[in-house]
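Some notes on the structure that comes next.
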Amino acid sequence: MKLATWNVNSVNARLPLVLEWFAQAAPDVCALQEIKCLDEKFPYEAFESLGYNCAVFGQKTWNGVAILSKFPLSDVAKGLPGDDSDEQSRYIEALIEAPHPVRFVGIYLPNGNPLGTDKYAYKLRWLERLHERATELLTLEDATVITGDFNIIPTRADCWKESVWLDDALYQPAVRQAYQGLKNLGYTDAFDVLPPDGNRYTFWDYQAGAWPKNEGIRIDHHLLSPQAADRLTDLVIHKDTRGRSHDEAKPSDHVPVVIELA
């Protein structure tokens, strides 16, 4: 069972490239982030034609998350619990009704920049709420996967040059500690178990030639409950998608990350 995450940076703007990858990689389930469209503008038919069921929590212009699954979806929940005033579409959860079910959570964690603003405070609050929900999910004793664009660089090894990120919200001690806190609950970072040979990055900025110079960072993660971690057999970062282009679209600045569960 292949489970993927991909920040597509506008699903409609990059639809030809996205569909090309789906047709080739054929993930069983995929969490999308930054779809950047309202629910009714999501290209349902394009994905349904490839055999996917779609759960979408969209937002005009910004944010937006979705789960695409070749298996039926149930218990779909949209929005991270803990703050009824939060209007940003960043969290979606569903039970994947496969022969061996998986509770699948797709997140687009706030960026938090610049430091010292409400955007950073919002990121910290969001992390607190995620910690609470992640704790609750463990009590269900399901095989649970929390995946997506975490906007967190966990370690020094996950960025091309540490000094560049010292004043960035993605690399702040409090943020990295919060990520470690999720692991301390009992979740496993799939990358820690199966680091792929060579490239470890999942994002390359559009600016300053980051892609050709391989100045990347790892911010797209899979966190697995013990029941899911026991089934983990593979992890692949689809780096090649960052270099793909199409007459109608350029690539996302993120690439898909795929894990496989037995």
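Count residues from 1 along the sequence. The analysis underlying the following values was restricted to heavy atoms, covering all of them including side chains, and did not include hydrogens, waters or symmetry mates.
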Using only atom types and a distance under 3.5 Å, with no angle test, would you say the side chain of [X] pairs donor to acceptor with the backbone of [Y]?
X: Asp28; Y: Lys70; value: no
X: Arg103; Y: Leu137; value: no
X: Arg231; Y: Ala262; value: yes
X: Asp189; Y: Phe191; value: yes
X: Asp253; Y: Tyr206; value: no
X: Arg242; Y: Val255; value: no

Taking atom [atom1] of [X] as the centre, report whether more than 12 heavy atoms of other residues, nucleotides or ligands fall under 6.0 Å from it.
X: Glu136; atom1: CD; value: yes
X: Glu45; atom1: CD; value: no
X: Lys2; atom1: NZ; value: no
X: Gln207; atom1: CD; value: no
X: His100; atom1: NE2; value: no
X: Asp84; atom1: CG; value: no
X: Asp234; atom1: CG; value: yes
X: Lys78; atom1: NZ; value: yes

*Non-neighbouring partners of Ala13 that pass side-chain contact (heavy atoms from CB on, under 4.5 Å), sequence neighbours left out*: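 By the side-chain contact (heavy atoms from CB on, under 4.5 Å) rule, Ala13 matches Ser10.
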*By side-chain contact (heavy atoms from CB on, under 4.5 Å) - contacts of Arg156 (at least two apart)*: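 Testing Arg156 for side-chain contact (heavy atoms from CB on, under 4.5 Å), a comparison that skips the adjacent residues, returns Cys159, Glu162, Tyr171.
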Are the charged groups of [X] and [Y] less than 4.0 angstrom apart, N to O?
X: Arg125; Y: Asp86; value: no
X: Arg129; Y: Glu132; value: no
X: Asp158; Y: Arg176; value: no

_Using the side-chain hydrogen bond (donor to acceptor under 3.5 Å, both in side chains) definition, which of the options Thr5, Asn7, Asp149 pairs with Gln33?_
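Exactly one pass, corresponding to Thr5.
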*Can you tell which of Thr61, Asn12, Asn63, Asn9 makes a side-chain hydrogen bond (donor to acceptor under 3.5 Å, both in side chains) with Lys36?*
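With Lys36 as partner, side-chain hydrogen bond (donor to acceptor under 3.5 Å, both in side chains) holds for just one option, Asn9.
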*Which residues share a ring pair (Phe, Tyr, Trp, His ring centres under 6.0 Å) with Phe203, sequence neighbours left out*: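 So Phe203 forms a ring pair (Phe, Tyr, Trp, His ring centres under 6.0 Å) with His254.
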*asked:* Using 30° and 60° as the class boundaries, would you call the ring planes of Phe47 and Phe42 parallel, tilted or perpendicular?
replied: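 The arrangement is parallel - the two ring planes meet at less than 30°.
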*Val56 vs Ile92 side-chain heavy atoms within contact, under 4.5 Å*: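 A side-chain contact is absent here, since even the closest heavy-atom pair is not under 4.5 Å.
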_Do Pro154 and Arg218 have side chains that approach each other closer than 4.5 Å (heavy atoms only, starting at C-beta)?_
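Of all side-chain heavy-atom pairs linking Arg218 with Pro154, at least one is under 4.5 Å.
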*Rounded to the nearest 0.5 Å, how far apart are CZ of Arg14 and CD of Glu20?*
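Separation between the atoms: 14.0 Å.
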*asked:* Could you measure the distance from the CD1 atom of Ile153 to the CH2 atom of Trp165? Nearest 0.5 Å is fine.
replied: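 CH2 of Trp165 is found 5.0 Å from CD1 of Ile153.
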